[in-house]
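Everything on this sheet refers to the single structure shown next.
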Amino acid sequence: GKVGRNAFNQWDMPDVEMNFSTFDLSSVTNVDYQAFYFCRKARGALDLPKIRSFDNFAFYGCGSLKAAYLATNRHEAVETIGSQVFRDCLALEKLELNLASGTVCPENFLYGSTGVREIRFLGLPPTRESLTNLLRYAPETEGAKGCTVYGSTWQVAPDGRNWASLANEPTAEESAALKNLLEGIK
């Protein structure tokens, strides 16, 4: 099933109280464009165990959403992620998800959602790009509790990527920064 385009869109409307914890979204595989756009008073935990795709701005502005559990069924994985899906979800603290192999979280997936304290990957390790994009808007460690990322060390992606390779293989930017640092020490 799916939650259709603009289904609960509250842009330019009075705020309506809703609690994601009371919604039965267990069979939803797709959340369409702006389905929960600006549902500022939508609170609780979002549980989408079979989700496979999110369209642009699906939960944009859900400022009271506390947690999101995505594709948590053993054989499910998120395959498609649109732009700014969880933008400005100010109360969002926990994100748990299973990404299909090669799925990339867009750079602005969590834009403005600076309260995220925990990201848990349930299946394959994410691409480096996804991990970077997810952490791009995580809280800074200055004065705020940082964000912790969890993953299963035994999971290996079809391309051989695992958590150790994510931690040990520097990007070009990291290599350049390290080189500059080492040159400055000489």
Side-chain angles (χ1 to χ4, degrees), residues 20-21 25 28-29 31 35-36 39 42-159 161-171 173-174:
F20 282 119
S21 301
L25 301 172
V28 172
T29 57
V31 178
F36 292 94
C39 291
R43 64 186 193 290
L46 176 65
D47 187 12
L48 292 162
K50 293 184 178 180
I51 193 71
R52 298 186 79 68
S53 69
F54 293 99
D55 206 341
N56 298 338
F57 316 113
F59 297 95
Y60 185 125
C62 290
S64 299
L65 175 65
K66 295 292 264 176
Y69 303 97
L70 314 173
T72 55
N73 278 8
R74 183 181 167 110
H75 299 291
E76 303 296 337
V78 178
E79 298 170 347
T80 307
I81 303 172
S83 178
Q84 303 180 46
V85 172
F86 288 101
R87 179 177 176 162
D88 293 337
C89 293
L90 303 176
L92 185 64
E93 294 178 351
K94 182 176 184 178
L95 178 64
E96 196 168 286
L97 71 160
N98 187 8
L99 296 175
S101 181
T103 299
V104 175
C105 288
E107 179 179 322
N108 52 17
F109 181 70
L110 291 173
Y111 181 85
S113 299
T114 56
V116 177
R117 303 289 185 257
E118 179 180 327
I119 299 173
R120 186 174 301 270
F121 293 96
L122 301 175
L124 300 175
T127 62
R128 179 182 288 277
E129 182 180 1
S130 283
L131 188 58
T132 300
N133 290 343
L134 283 169
L135 294 175
R136 184 174 310 277
Y137 299 105
E140 298 292 330
T141 53
E142 290 180 29
K145 183 179 177 197
C147 181
T148 304
V149 176
Y150 298 92
S152 201
T153 57
W154 58 270
Q155 293 282 9
V156 178
D159 64 2
R161 183 179 68 256
N162 61 25
W163 283 98
S165 66
L166 282 173
N168 297 325
E169 295 174 7
T171 63
E173 295 86 17
E174 292 166 338

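Note that these values count all heavy atoms, side chains included, but never hydrogens, waters or copies made by symmetry.
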Is the distance between the ring centroids of Y150 and F121 under 6.0 Å? no
Under 3.5 Å, which donor-acceptor pairs link side chains of residues 59-73 to any protein atom two or more places apart or in another chain?
from: Y60; atom 1: OH; to: R87; atom 2: NE; distance (Å): 3.4
from: S64; atom 1: OG; to: R40; atom 2: O; distance (Å): 2.9
from: K66; atom 1: NZ; to: E93; atom 2: OE2; distance (Å): 3.4

Checking side-chain polar atoms at under 3.5 Å, does S83 have a donor or acceptor matched by the opposite partner on N56? no
Side-chain heavy atoms of [X] within contact of [Y], under 4.5 Å:
{"X": "V85", "Y": "F57", "answer": "no"}
{"X": "L97", "Y": "L99", "answer": "yes"}
{"X": "D88", "Y": "S113", "answer": "no"}

Shortest non-hydrogen contact between [X] and [Y], atoms and distance:
{"X": "N98", "Y": "L124", "value": "OD1-N, 4.1 Å"}
{"X": "A100", "Y": "A77", "value": "N-CB, 3.5 Å"}
{"X": "E129", "Y": "V104", "value": "CD-CG1, 3.5 Å"}
{"X": "G44", "Y": "S21", "value": "CA-OG, 3.7 Å"}

Under 4.0 Å between a side-chain nitrogen and a carboxylate oxygen: does that hold for R120 and E118? yes
Can a donor-acceptor pair be found, under 3.5 Å and without considering hydrogens, that links the side chain of [X] to the backbone of [Y]?
{"X": "T29", "Y": "K50", "value": "no"}
{"X": "S130", "Y": "T103", "value": "yes"}
{"X": "N108", "Y": "Q84", "value": "yes"}
{"X": "T80", "Y": "S53", "value": "no"}

Ring pair (Phe, Tyr, Trp, His ring centres under 6.0 Å), that's the test. Do F20 and F36 meet it? Break it down for me. CA-CA 11 Å; F20 282 119; F36 292 94; 5.2 Å; yes
Y111, OH atom: more than 12 neighbouring heavy atoms under 6.0 Å: no
Take K94 and E96 through the test salt bridge (charged side-chain N to carboxylate O under 4.0 Å, His left out) and record every step on the way to the result. CA-CA 7 Å; K94 182 176 184 178; E96 196 168 286; 3.8 Å; yes
Member of N133, L131, T132 meeting the side chain to side chain contact (heavy atoms under 4.5 Å, CB included) criterion with L135: L131
